Amino acid sequence: MKVIGRRAEMAALSDAWRRRGLALGFVPTMGALHEGHAALIRRARRQNKRVAVSIFVNPAQFGPKEDLSRYPRPFAADRRLCERLGVDALYHPSAREVYPKGVRTTVEVQGLSDLLCGAVRPGHFKGVATVVLKLFVTVRPSRAYFGEKDFQQLQIVRRMVRDLDLPVEIVGCPTVRDGDGLALSSRNAYLSPFERAVAPKLHQALRLGARLARKAGTPLRLLREVRRELLMIPGATIDYVSVVDPASLEDARRLKGRLRLLTAVRVGKTRLIDNIALSC
Ligand code: PAF
């Protein structure tokens, strides 16, 4: 496995693969890799001749009061995992490499970026879209893999790719969960043992919502039940819980067709997100 810090080197390797007709699967990450990332890498491995992973803790997607400085960075372990999973290139650039001095251009997917997590984390999705586009330009993958746990991010990336005619296929992959249902996330490491014990209730509340999808009658009634469950999690505060159209992320007016139930909850100081499909 090649570990690459320079943009030009990553682009040249990808060009060489493309000239040989080798499809490249790409998994962008911020490191602290877990089974969720491993599932994305395995899928990329199955569907492509070459696989690249990026590890870059993107400062542009963290707010001033967020956890940029304490975000976990276990690079040696991440590198070993990538090696074990048969990754061909690990792109690990510095912040200066990605954002050279004087950079002024950003990308924003309007509308989709201001809702849900975007309403609570202003500027977050502008940072995500900008870095993902920059990574796509450097890595130039045939396919890129994103987890459904970050459902809003996945829809924003899909929309950016469509709107900017980017020649990459976006592959959304199911959320990977611990045995008790908690969605895997690098931020789970912040939970105290007590918080970790109660955190699976988030998924349980969403499952209740999925069960009620055909019975509740209206989104409002369904949300009232789910909110009631979420509020029973000790020490939890709800950022949002919404039933939305999966493509536009706009609030559903009726429980009809395929919808998505999404939530963000703070358990102690840790913000957890999760979502589930509803078929009504
Ligand atoms: O999901 C993540 O880890 C990040 O938001 C991403 C897509 C790697 C962009 O920094």
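All values derive from a computational prediction rather than experimental measurement. All ligand and atom numbering here is 1-based and tracks the order in the structure.
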Would you verify whether the NZ or CZ of R158 falls within 45 degrees of the ring axis of F146 while also being under 6.0 Å from that six-membered ring's centre? no

Residues D245, K256: salt bridge by 4.0 Å N-O rule: no

Starting from atom 10 (O) of ligand 1, which protein heavy atom do you reach first, and at what distance in Å? Q61 OE1, 2.7 Å

Show the atoms of ligand 1 that are less than 4.0 angstrom away from any heavy atom in V131. 9 (C), 10 (O)

Only heavy atoms count here, so choose which of H124, Q153, K149 is nearest to atom 6 (C) of ligand 1. Q153

Any ion pair linking D274 and R177 (charged N to carboxylate O, less than 4.0 Å)? yes

Could you tell me if Y71 and N58 have a donor-acceptor pair between their side chains, going purely by distance under 3.5 Å? no

For T29, the atoms of ligand 1 under 4.0 Å from one of its heavy atoms are 8 (C)

